[in-house]
Amino acid sequence: MDPSEYDLAFFHREGFHRRDCAGCGRAFWTLGDHDRCQEAPCREYGFIGHPIFGRSYGLREMREAYLRFFETRGHTRLRRYPTVARWRNDVFFTQASIYDFQPWVTSGAIPPPANPLTISQPSLRFIDLEEVGRSGRHFTLFEMMAHHAFNRPDHEVYFKDRCTELCHELLVGELQLDPRAITYKEEEWEGGGNLGPSLSVGASGVELATLVFMEYIRDGDRLKAMPLTVVDTGYGLERFTWASQGTKTAYEAVFGSAYDELRRTFPPREAAILLDHARALNFMLTDGVVPSNSKEGYFARLLVRRALRLLAKAPEAPELVALLDRSARELAHDFPELGMHREDLHRVVVAEIERFGEAVERARQTIHRYDERMRSTGGKVTPDDLLQWYDSLGVPPDLAVEELSDPPAIPDDFYRQVAARHECEAPTSDYVEATEGLPDIPGSVPPTEVLYYLDPYTVAFDAHVVWAGGPFVVLDRTYFYPTGGGQVTDRGHLGDLEVVEVDRRGPWVLHRLERPAPFHVGDRVHGRIDPARRTQLMQHHTATHLLNGALREVLGPHVWQTGAYKGPEAARIDVTHYRPLSKEELHKVERRVNEIVREDRRVKSYFEARGEAERRFGFTLYQGGAVPGRELRIVEIEGFDVEACGGTHCTHTSEVGAIGILEVDRIQDGVVRLTFVSGERALDVREEHEEILREAARRLGVPVPKLPDGIDRLLGEVEETRRVARERRKEDLGAIAARLEATEGAGEKAGDVTLFVGEFELDRNGLMELSRLLTRSANRVAILAGETEGRGTLFIGSTASGVPARSVAEAARPAFDGKGGGNPSAATVVGEPGAPLAAALEAARKAARGLALATG
RNA sequence: GGGCACGUAGAUCAGCGGAAGAUCGCUGCUUUCGCAAAGCAGAGGUCGGGGGUUCAAAUCCCCCCGUGUCCA
């Protein structure tokens, strides 16, 4: 990065000078006389015991001081965003404040909710999980305080100079940090294809803040200027609080008395881990993470299990639920939503604790059995076994060792080996731009006025063509709903041409026609939307909201929508839940939604300022994913459910008609999928189902209510028939065996051995069963011929130790070009089609006889 | 989203290329006034589903489905 990027007027105005750090070699700006930048490792921690700010702040005071500082300097204060980044599909969690605005605001697609703005964003990072408690400064959940500005060519808010000035003013003016203690270190920042200069703000050994200026797009080796430049800052709330108190570790400063209390039972590291995990879990669970074995749920499970293992070490330790509760009560002062659904949260956690117990018990049994087997066979349990158990059973090696009578040593690099096992996995991204395959529209084309938001009932309209290319047409206004928000596209006609797909691209709605459009810019066209399809989609969409509301009511507020699809045939909704739905819960949900339908509640759709909507309804608005626009479209089912949603909806619940849930699946640990129908489709499906029932009943010859009995009867009969057939076969074979044994001379004597030789109309299995009957006593050999799928088959069974069946088979094999083998007691040979079976039988007889006489 | 492990009798599991097993539970009989217990006998399996390899597959290979677990 060019040094001139950092040559800020602010630095010169204030008398900063630029130096190269004697430690890391990087350039930095300072008012002091340091020869090194003031960050670890170039500078040791100097603030422990010597707080660097004017006074000591608590977490809350520090947050408030920060936000107010920027508020009084023209920034709008924003409430926190959820810690689960549902609006993105490239990450699970909000890891920094800028995540709140990616990708739509930072790409310029949507205006920022405020500009400039300030926020303290709870963020989750699991990269340094092992460092939590150990380093004295790491957390899985931390608050990133920030001020952001988004600059367009036509609207410059502020950039490097003013940003740095604000930061300096905060540190020196507001917090009374010695201005000479600060260093602004030059660092290049790059991420997501963008880059720009950044300043790392250090003092007394601690990195207090990072000021990032997103300015360029990497285009091969060249840099292109971004149309929208972004001020992205990050100030660690915990770090600021710590530095203001100068305690030994950040945990004392952040957790306060809760830390002191836990320290009576646990060593410092464990106390810090427990409090950190409790805090992170409260945010995660409140924001709708349900512990599970995949995706974001796994991280909740990880924290729960780590905490449980620590708690299990001390008999006088609090219960996990109590620990979480205590943490939630404190957090609720600043984040009221964290205290709101404690009982539901308890149920989620208790269910998770139970599952952990089951997993441990299962693992214990498996390991115990394995240990017994090793003990009896003289085998040894290896370190590889420990690895395997950790990976597949979830037993940490120290726990596994406790179960073993002769445990192996746990390798020092155990977790490295675990990591190595997972090394070859390439991270895959299914991030597909919704605009893929769509044409580029010139920026000069006026945006489409979307009318379906205002009136979902109008299905015929006139509009003007503003752009046309291939089969795509953009109109100045449209009632066609484009695929989005889980609702599939409208269909219909523009003029005489069929509209097969409608998509949204930026500010335009693209109508895709059945063939290249004969339209020209300026043409007036008549649009007609397929009304039946639209109605059905509206019914399914409103029904989805109704179900979501009912699920939250019946199962609890931990239920969040994780996905949805509304098609013309059926719709489905995926929600988080920690166990399969019971039949009763399902019935309750179905009854409840149909009740709301009958009550004919109003469904209001309107736009509202984001902050106002959040204040009124909370984050549960973002069921379909949070869109960080300035204005939200709110769909409110009066007194029942409120969501931010861009879909077309009925205006009264009665229009939805009946709702029928067709299927319930657990599509993933922690996620339940309901497939359902409403409106006309519900009636159709019900008719179909009734017809199926009637037909099934007719075929069984029972009335519909007796169907289950009828099926039981039928199954009983099938089983009986099978039993009888099996019995019959057994009898038949028994009769053959008995006849052979009784017939004089049928059993050929060879020394002590009795040989039974014969050809039967039996296949391999039949021969095998017959052989079994003939060789129930010792010193018998059965050499039986039959046919399997057109091939001559020989089966040899033996209870004579001197006459191994396998040897007999081998002797017979060449006689009819056969293949086969077996063991001493049983063997099979199958010949080529048409090969002389009789010769093979004779060869086998001779061989068996020879062997018998040789030993006799 | 990926890796690994697992899916066999009502339950818990063994078997891991050659003729489906153990323990508990169940049924009957013996014993007992009865119960428990013991002894004896018996019933109960498309070895998750579908393909393939093989003379032969619960067992090996592939694809699904389900469960668990680790990791992102």
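Order of the sequence lines fixes the chain letters, A, B, ..., with proteins taken first and strands second; residue numbering starts at 1 for each chain.
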Looking across every strand, which nucleic acid part, if any, lies under 4.0 Å from A:A359 by heavy atom: base, sugar-phosphate, or nothing? sugar-phosphate
Between A:F92 and A:F299, what is the ring plane arrangement, given parallel below 30°, perpendicular above 60°, and tilted in between? tilted
Please list, chain by chain and in numerical order, all residues satisfying side chain to side chain contact (heavy atoms under 4.5 Å, CB included) with A:E354, sequence neighbours excluded. A:V350
Holding to side chain to side chain donor-acceptor pair (under 3.5 Å), I want the full list of residues that pass it with A:K846, two or more places apart in sequence or in another chain. none
So what does A:T793 hit on the nucleic acid, given a heavy-atom distance under 4.0 Å: a base, only sugar-phosphate, or nothing? nothing
Contact class for A:F92 (heavy atom, under 4.0 Å): base, sugar-phosphate, or nothing? base
I want to confirm an ordering. Mapping A:V395 and A:Q388 to their closest nucleotides on RNA chain B, which one lands closer to the 5' end? A:Q388
Residues from residues 830-850 of chain A lying under 4.0 Å of RNA chain B - heavy atoms: A:V830
Select from A:R791 and A:R305 the residue whose nearest nucleotide in RNA chain B is closer to the 5' end of that strand. A:R791
On a whole-Å scale, what distance lies between the C1' atoms belonging to B:C16 and B:U59? 4 Å
For nucleotides 41-54 of chain B, read 5' to 3', which letter fits each nucleotide if B means a protein heavy atom sits under 4.0 Å from the base, S means only the sugar-phosphate is that close, and - means neither? ---S----------
Who are the side chain to side chain contact (heavy atoms under 4.5 Å, CB included) partners of A:A782, not counting sequence neighbours? A:S771, A:L774, A:T775, A:L784
Sugar-phosphate means primed atoms, P, OP1 and OP2; the rest is base. With that split, encode nucleotides 9-27 of chain B 5' to 3' as B, S or - using protein heavy atoms under 4.0 Å. ---SS-S--BB--------
Taking B:C62 as the reference, what is the distance to B:G25 when you measure between their P atoms (whole Å, please)? 41 Å
With the side chain counted from C-beta on, respond yes when A:V91 and A:Y99 share a heavy-atom pair under 4.5 Å apart, and no when they do not. yes
Interatomic distance, CZ@A:F676 vs CD1@A:I573, rounded to 0.5 Å, equals 6.5 Å
Taking any heavy-atom pair under 4.0 Å as a contact, classify A:R764: base, sugar-phosphate, or nothing. sugar-phosphate
In dot-bracket, 5' to 3', how would RNA chain B read with Watson-Crick or G-U wobble pairs under 3.5 Å, [ ] for crossing ones and | for pairs to another strand? ((((((((.[[[[.)..(..]]]].(((((.......))))).....[[[[[..)....]]]]]))))))).
Step by step, work out the side-chain contact (heavy atoms from CB on, under 4.5 Å) result for A:F93 and A:R125. CA-CA 8 Å; A:F93 300 110; A:R125 286 188 193 176; over 6 Å; no
Checking A:R137 now: which residues fulfil side chain to side chain contact (heavy atoms under 4.5 Å, CB included) with it, not counting sequence neighbours? A:Y45, A:S135, A:R239, A:W242
For B:U54 versus B:C6, give the span between their P atoms, rounded off to a whole number of Å. 26 Å
Any ring-ring contact (aromatic ring centres under 6.0 Å, His included) involving residues 378-399 of chain A? Give me the pairs, sequence neighbours left out, ordered by first then second residue. A:Y370-A:W389, A:Y390-A:F414, A:Y390-A:Y415
Considering just the side-chain nitrogens and oxygens of A:R666, establish if one lies under 4.0 Å of OP1 or OP2 belonging to B:G68. yes
At a heavy-atom distance below 4.0 Å, what parts of residues 399-413 of chain A sit against RNA chain B? none
Please pick, from B:A5, B:A72, B:C70, the nucleotide with the shortest atom-to-atom distance to any side-chain atom of A:S392. B:A5
To the nearest 0.5 angstrom, please state how far the CG atom of A:D669 sits from the CZ atom of A:R355. 4.0 Å
Listed partners of A:T675 passing side chain to side chain donor-acceptor pair (under 3.5 Å), at least two apart: none
Listed partners of A:H138 passing ring pair (Phe, Tyr, Trp, His ring centres under 6.0 Å), at least two apart: none
